[in-house]
Amino acid sequence: MKKEIEAYKEEVKAFVADNSQKLESFRLKFISKKSVINDLFESFKQVAPEEKRVIGPALNELKQMAMARLKELSENLENSSATTSSIDVTLPPVYEKGSIHPLSRIKNRIIRIFERQGFSVADGPEIEDDFHNFTALNFPENHPAREMQDTYFIEKNPDILLRTHTSNVQIRLMENGKPPFKAIMPGRVYRNEAISARAHCFFHQVEGLHVDKNVSFKDLKQALYHFATEMFGKDTQIRFRPSFFPFTEPSAEIDISCFICGGSGCKICKQTGWVEIGGSGMVDPHVLESVNIDPKEYSGFAFGMGIERIAMLKYQIDDIRLFSENDLRFLQQF
Ligand code: PHE
């Protein structure tokens, strides 16, 4: 035992702790309740009385040495970290102001424009079930339109998924209330697409819904024309191209006259004079029926636009990935 004590004394003297983990390992080994020194005190109880006279003082000495060494090691460590990571109080202060993300800016502008037309703002979940994302929106079972939207499934049977569009909020809004409804629904959506400069696996949409007695295509045109002139300038023209969505009939793609070249043709509009900003249409009677609204009494229009798409047009950004990379050189420009 005497030899063991001497060996530990050497170890204590030679111990170096250049970081706090090492200091802690020293404490655990020599000072804590489970330390080797405590073990020695335990075994000391069994030692013959004549030996105790020799070993006792040696053991006490080891204990004192270990305590003194711990103090010394922790002081050394404190001093060294004080010199290496101290704050230079003579440096001038840095004022880094944050700014509003370009997508939030565009979203807020869209909301303000539609609020002035009497639309309120509605919200809904990003994790959705099949009924609200597809079935209630008149997507037939096994219909290719479901494939069209490259869905991320979280669970199968019953299907739980990341919503592929904000149209789920139409359904949630209508099933929980009575017409009239007049709301826009901004939010994030997900599609399993290869990430490139033009496409991302998540992006943002603003959807609009107006359901009341006698709502017609004329009202849809009026709402979007008003939006386009406020967002892109008073000379902006809009046009509707026939299209297909399961939840609207008739359906139309919304184009605006190119606000860069004024319609004469440029790089942004690919020389066509027009740029597409979203989809729209009259709410399909099946959709109204799925939320217990009588399509003979009520009609409605709906539209949906990509916020990234509008931000890219407005700010002439040519890579959608920039919005989510959080590169300060990009964000500071807004
Ligand atoms: N939900 C459609 C989409 O994501 C957009 C849309 C909304 C079209 C409402 C028509 C009416 O692509």
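Counting starts at 1 for both ligands and their atoms, following the listed order.
Applying the 4.0 Å criterion to heavy atoms of F247 picks out, from ligand 1, the atoms 1 (N), 2 (C), 6 (C), 7 (C), 8 (C), 9 (C), 10 (C), 11 (C). Of all atoms in ligand 1, numbered sequentially from 1 with element shown, those under 4.0 Å from a heavy atom of E207 are 1 (N), 7 (C), 9 (C). Interface of R191 with ligand 1, defined as ligand atoms under 4.0 Å from a residue heavy atom, comprises 3 (C), 4 (O), 12 (O). The ligand atoms of ligand 1 that sit less than 4.0 angstrom from a heavy atom of A302 are 9 (C), 11 (C). Each of the following atoms of ligand 1 lies closer than 4.0 Å to a heavy atom of H165: 1 (N), 4 (O). When each atom of ligand 1 is checked for a heavy atom of F245 under 4.0 Å away, the hits are 8 (C), 10 (C). Of all the atoms in ligand 1, the ones that sit under 4.0 Å from a non-hydrogen atom of G279 are 8 (C), 10 (C). Close approach of ligand 1 to S167 (heavy-atom distance below 4.0 Å) involves ligand atoms 1 (N).
Contact of the C258 side chain with the W274 side chain is not registered, since no non-hydrogen atoms from C-beta on lie closer than 4.5 Å. Side-chain contact between N133 and I171 is absent, with no heavy-atom pair separated by less than 4.5 Å.
Taking only nitrogen or oxygen atoms, main chain and side chain alike, T164 does not reach within less than 3.5 Å of ligand 1. Taking only nitrogen or oxygen atoms, main chain and side chain alike, Q170 does not reach within less than 3.5 Å of ligand 1. The shortest N or O to N or O distance between T248 and ligand 1 is not below 3.5 Å. Geometrically, ligand 1 and S280 share no nitrogen or oxygen pair separated by less than 3.5 Å.
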Can you give each donor-acceptor pair under 3.5 Å made by side-chain atoms of residues 46-66, sequence neighbours left out, with the distance rounded to 0.1 Å?
| from | atom 1 | to | atom 2 | distance (Å) |
| --- | --- | --- | --- | --- |
| E61 | OE1 | K9 | NZ | 3.2 |

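Closest to atom 5 (C) of ligand 1 by heavy atom, among G208, S243, G304, is G304.
Looking at D212 and K182, no side-chain N of the basic residue comes within less than 4.0 Å of a carboxylate O on the acidic one, giving no salt bridge.
At least one heavy atom of Q205 sits under 4.0 Å from some atom of ligand 1.
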| task | Before giving the answer on side-chain contact (heavy atoms from CB on, under 4.5 Å), spell out for F203 and I307 the whole-Å C-alpha distance, their side-chain angles and the decisive distance to 0.1 Å. | result | CA-CA 8 Å; F203 55 98; I307 301 182; over 6 Å; no

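Two rings, from Y152 and Y190, have their centers 6.0 Å or more apart. You'll find the ring centres of F114 and F303 inside the 6.0 Å limit.
Under a cut-off of 6.0 angstrom, the local environment of CG in D123 is sparse, with at most 12 non-hydrogen atoms contributed by other residues, nucleotides or ligands. Few gaps surround CG on D294; more than 12 heavy atoms of other groups in view lie less than 6.0 Å from it.
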